[in-house]
Amino acid sequence: MGIIAWILIGLLAGIIAKLLLPGKDPGGIIVTMLIGIVGALLGGWLGKVIFGVDSIDGFFDLSTWIAAIVGSLILLILYRLLTRGKRH
């Protein structure tokens with residue numbers, strides 16, 4: 001898949017992760033979208049390293065979307081833990 005496809009998957013995975021974990025996050029929608037993009041890449045990498053599967057088969061493959069969403073959820077949770085005391 002190309003970089004544009006990864007960005008699109010990451011943006012959508014970030015939105016889905018935000019819907020699954022509602023609440024206020026420091027940084028707003030821009031940070032959530034960036035978390036989604038990086039989370040999609042993280043999820044694909046973790047799927048390959050931990051489970052030995054090619055979780056980035058294609059744009060419309062379920063494994064790609066699951067990996068992207070799980071990666072985004074992981075990063076969103078870590079981001080919230082790291083910025084917990086810094087909210088205004």
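Every heavy atom of this structure was used, including side-chain atoms; hydrogens, water molecules and symmetry mates were not.
- For the pair L8 and I4, the minimum side-chain heavy-atom distance is 4.5 Å or more.
- Among all heavy-atom pairs drawn from S72 and A40, the shortest one is OG-N, 3.9 Å.
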- [ ] Dump the intermediate steps for side-chain contact (heavy atoms from CB on, under 4.5 Å) on L46 and I74, then the final yes or no.
- [x] CA-CA 11 Å; L46 286 175; I74 290 169; 4.1 Å; yes
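- Remark: the backbone N or O of L75 is not paired with any side-chain donor or acceptor of R80 at under 3.5 angstrom.
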- [ ] Assess whether side-chain contact (heavy atoms from CB on, under 4.5 Å) is satisfied between L12 and W65, documenting all intermediate values.
- [x] CA-CA 9 Å; L12 294 172; W65 285 93; 3.5 Å; yes
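- Residues L20 and I69 have side chains in contact (heavy-atom distance under 4.5 Å, counting atoms from C-beta outward).
- Contact detail for I9 and A68: the closest heavy-atom pair is CG2-CB, 3.5 Å.
- Each of L82, T83, L81, I77 was scored for a side-chain contact (heavy atoms from CB on, under 4.5 Å) with Y79, with one residue passing: T83.
- Checked against side chain to side chain contact (heavy atoms under 4.5 Å, CB included), I37 has the following partners two or more places apart in sequence or in another chain: I7, L11.
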